[in-house]
Amino acid sequence: ADRLRPKFVEDFYGQQNILSKNSILRNAILNDKVGNTIFAGPPGVGKTTLIEIISSYTRAAMIKLNAVLSGVKELRNEILSAEERWKKSKRKTILFIDEVHRFTSIQQDALLPSIENGTIIFIGATTENPTYAVNKALLSRSRVFKLSPLSEIDLKKIVEKVINYYQNADVKKNINVTQEALDHLINFSSGDARTLINALELAVDTK
């Protein structure tokens, strides 16, 4: 799933409600104008992939933290580094926090001054409803984009991408997916691209 993660907007499948042509998010990414943002949605629908895509278009430094593994000290160290980066090179810092709902209120509050003064651009990802899981002060300073489970059409495109990957790999594999198998994979994945890719990978590698 990580190897096949797209790097550019045109390679991203799904979420046309927020990434359609001339949409606010698409234009912000393409023009390196992404502001404080929260991506909310179930697992495997493209939240982390969007971060990778943003990093492909931005001149800002992209710092990634996981809310489960990072404490207040690490957070403050990254903010200090962002301040130094701006002073020395006028280069902005995007601070991406995965599973931001796992941050305590103290950790979320620690972000606010740096967001207010522009030291960092905050991007968070959450599988929870941000209205209840994210500090109201942080929420009010961010634009929330809600991502939905992928459609059957998008999942079929991903299956084609996986098959193409294997057919063009160093050790090529010819893959034939029956309609019955395809239907099973799509139903099993429940709109989750990562689950779909991992299931198909397991099937191919154990063939």
Side-chain angles (χ1 to χ4, degrees), residues 1-2 4-9 11-58 60 62-70 72 75 78 93-112 114-116 120-155 157-158 189-198:
D2 282 337
L4 295 178
R5 195 185 297 278
K7 299 289 185 183
F8 302 101
V9 171
D11 299 323
F12 186 89
Y13 296 141
Q15 312 307 334
Q16 284 303 298
N17 58 316
I18 61 172
L19 273 179
S20 60
K21 188 176 180 180
N22 294 325
S23 65
I24 292 173
L25 180 59
R26 188 186 189 94
N27 286 337
I29 292 173
L30 294 176
N31 293 292
D32 193 11
K33 299 291 185 182
V34 176
N36 302 312
T37 304
I38 295 174
F39 293 123
V45 296
K47 298 186 298 296
T48 304
T49 297
L50 281 174
I51 302 305
E52 295 299 327
I53 289 174
I54 290 169
S55 70
S56 296
Y57 290 92
T58 186
M62 176 73 76
I63 307 300
K64 302 172 186 177
L65 297 179
N66 186 294
V68 176
L69 305 175
S70 305
V72 173
L75 182 61
E78 292 296 350
T93 299
I94 295 175
L95 182 62
F96 168 57
I97 300 175
D98 198 11
E99 300 188 82
V100 67
H101 59 276
R102 298 288 190 93
F103 258 5
T104 65
S105 294
I106 294 174
Q107 288 169 303
Q108 292 187 35
D109 285 342
L111 287 167
L112 295 177
S114 300
I115 292 173
E116 286 285 351
I120 62 169
I121 299 168
F122 161 72
I123 300 181
T126 177
T127 54
E128 302 293 324
N129 184 333
T131 303
Y132 305 107
V134 177
N135 181 311
K136 284 183 172 57
L138 186 57
L139 193 63
S140 69
R141 289 162 175 79
S142 308
R143 180 182 288 273
V144 177
F145 291 99
K146 295 183 179 180
L147 285 72
S148 306
L150 299 183
S151 69
E152 182 177 335
I153 293 173
D154 293 320
L155 293 171
K157 290 179 182 177
I158 291 171
S189 66
S190 299
D192 181 330
R194 189 182 302 111
T195 296
L196 174 69
I197 293 171
N198 289 342

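Predicted model only: the values in this text are computed from it and were never measured. All values below come from the heavy atoms of this structure, side chains included, with hydrogens, waters and symmetry mates left out.
Residue I106 qualifies as open at atom CD1: its count of foreign heavy atoms under 6.0 Å is 12 or below. Under a cut-off of 6.0 angstrom, the local environment of CD1 in I153 is sparse, with at most 12 non-hydrogen atoms contributed by other residues, nucleotides or ligands.
Atom OG1 of T126 is separated from atom NE2 of H101 by 4.5 Å, given to the nearest 0.5 angstrom. Atom-to-atom distance recorded for I158:CD1 and I197:CD1 is 5.5 Å, nearest 0.5 angstrom. If you take CG on L50 and CZ on R5, they are separated by 10.0 Å, rounding to the nearest 0.5 Å. How far CD1 of I115 is from CG of L95: 8.5 Å, rounded to the nearest 0.5 Å.
Among residues two or more places apart in sequence or in another chain, the side-chain contact (heavy atoms from CB on, under 4.5 Å) test is passed with S148 by Q15. With sequence neighbours left out, K7 forms a side-chain contact (heavy atoms from CB on, under 4.5 Å) with E52, S56. In this structure D154 satisfies the side-chain contact (heavy atoms from CB on, under 4.5 Å) test together with Y13, L150, S151, K157, sequence neighbours excluded. Partners of D98 by side-chain hydrogen bond (donor to acceptor under 3.5 Å, both in side chains), not counting sequence neighbours: none found.
Only one option out of I97, T93, T37 pairs with F122 in a side-chain contact (heavy atoms from CB on, under 4.5 Å); it is I97.
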Throw together a table of side-chain donor-acceptor distances under 3.5 angstrom for residues 27-34, partners on residues two or more places apart or in other chains.
unit_1 : atom_1 : unit_2 : atom_2 : d
N27    : ND2    : N22    : O      : 3.4
N27    : ND2    : S23    : O      : 3.4
N31    : ND2    : N27    : O      : 2.8
D32    : OD1    : T58    : OG1    : 2.7
D32    : OD2    : R59    : N      : 3.0

Please tabulate, for the side chains in residues 136-143, all donor-acceptor contacts under 3.5 angstrom to protein atoms that are two or more places apart in sequence or on a different chain.
unit_1 : atom_1 : unit_2 : atom_2 : d
S140   : OG     : K136   : O      : 3.4
S140   : OG     : A137   : O      : 2.9
R141   : NE     : E116   : OE2    : 2.2
R141   : NH1    : A137   : O      : 2.7
R141   : NH2    : E116   : OE2    : 2.6
S142   : OG     : L138   : O      : 2.9

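Counting heavy atoms from C-beta on, the side chains of L155 and E152 never come closer than 4.5 Å.
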Q) Going through the checks in order, is the side-chain contact (heavy atoms from CB on, under 4.5 Å) test met by L65 and F96? A) CA-CA 6 Å; L65 297 179; F96 168 57; over 6 Å; no
Q) side-chain contact (heavy atoms from CB on, under 4.5 Å) between F8 and I53: does it pass, once the steps are laid out? A) CA-CA 5 Å; F8 302 101; I53 289 174; 5.7 Å; no
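The aromatic rings of F39 and F145 sit tilted relative to each other, their planes meeting at an angle between 30° and 60°.
A donor-acceptor pair shorter than 3.5 Å cannot be found between the side chains of D192 and S190.
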